[in-house]
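These numbers come from the heavy atoms of this one structure, side chains and all, not from hydrogens, waters or symmetry mates. Just so you know, ligand 1 is whichever comes first in the structure, and atom 1 is the first atom listed for that ligand.
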Amino acid sequence: MKRAFSRSPKRQGARAIVSLIMMAMVLSTFGAATSLAQSTPDAGTPEGATPSVGATPAADAPDIPSSSFGTIDGEDVTLWTLTNAAGMEVKIMNYGGIVQSIRVPDRNGNFTNVALGFDNLGDYIEMNPYFGCITGRYANRIALGTFELDGETYNIPINNDPNTLHGGEMGFDKFIWDTIPVETNNGIGLQMSRLSPDGEQGYPGNLEVTVTYVLTENNELRIDYLATTDATTVVNLTNHSYFNLAGEGAGSIFDHELMLNADNYTPVDDTLIPTGVIEPVADTPMDFTTDEEIGARIRNSNFEQLFIGRGYDHNYVLNRPSPDDESLILAARVHEPTSGRTMTIQTTEPGIQFYSGNFLDGSLVGPNGQMYRQGDGFALETQHFPDSPNQPDFPSTTLAPGDEYTSTTIYGFAVD
Ligand code: BGC
């Protein structure tokens, strides 16, 4: 699908302010700006169990610097810059809720951007392999683009032959989200919402979605997701940032050390759909229960799962005390030895997809002017398991009217 876009950033003036105020009024009228994740634990921040976001009236909205990042189909794309007192800086746009850059210090206090991305909107529109975006309505794969709910069969677009990947052709990454700056107990941020209408990409139910990004004073990027529906549907939301803790464009991530809090994973068939079996990682190259270099075993073609994925492209089953536990737990920790940077990921989700950037092939160029080649970035996508709508033994991704989908993920940055 061809979309009209302009690369030339234009300053936004009074029109943007008026539209923000109108957006806030619309949101509060429809109740979308209600307080989020009331029951979500908050172990990742010292403030304790505080809800992340309360609706901020437009008049009190924090003044978050923004600039135009171009237009798409005549609509303005705005890029906001969140900064905390420690100097950490995160840039996020309303197109796809894309996190364009994350600047964090190394052990000598030198800041660099550790998120892969582009320096212009055109590349995001034309060739983005999901860098930084909100992924939905169903993150990851659904086998053969079909599933059944309450006896009805639904067909969704096949955009990753023979399966559906990350929602379909027009996933949540390809829409402009209504965005308002917010001030929360944890820091300033952006609250993004959209109504995914009944039938969008073939999914049933009008789905009201709110995704809130917050930059905390503890060098964390916190993401809270909330969704409600008026008809039974499936939902699986994540953020698809790719990282290189040495800096985007710095080359391979093979020397990064990874720990995944997962004794098990879901092996896949040769179309990357889970077989349904949950396998222990012990004694295999999939084992990251203790710190291991990403590249140490990645070329082991004797281990069929690595060969199928061209590396790691697997959902790990996070260690939880019980299958229905949804507390915020440490899911992953990554350490880059040269810079000393570490990233931890905490989540309320049952799984995390570890993708070692296997399909990057040098055809994309990052903001530093460096090509991204295979293994130059990794993604760790907190999520429900792939293809859950077709896998009765996996945790359910069904959302019914009257229920709330909530999910929280916190990316924390530090140095060794
Ligand atoms: C998937 C990969 C896919 C990538 C696209 C990941 O979430 O697991 O298979 O190629 O997204 O960018």
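Protein residues are said to neighbour a ligand when one of their heavy atoms lies under 4.0 Å from it; for ligand 1 these are Pro129, Tyr130, Arg141, His166, His240, Tyr242, Leu272, Asp313, Gln353, Tyr355, Phe359, Glu381.
Take Phe385 and apply the ring-ring contact (aromatic ring centres under 6.0 Å, His included) test, not counting sequence neighbours, and it matches Phe394.
Residue Phe307 places its CZ atom among 12 or fewer non-hydrogen atoms of other residues, nucleotides or ligands, all under 6.0 Å distant. More than 12 non-hydrogen atoms from other residues, nucleotides or ligands lie less than 6.0 angstrom from CZ of Arg103.
Between Tyr405 and Tyr225, the distance separating the two ring centers is not shorter than 6.0 angstrom. Two rings, from His314 and Tyr316, have their centers 6.0 Å or more apart.
Arg320 and Glu349 are not joined by a salt bridge, as no carboxylate oxygen comes within less than 4.0 angstrom of a charged side-chain nitrogen.
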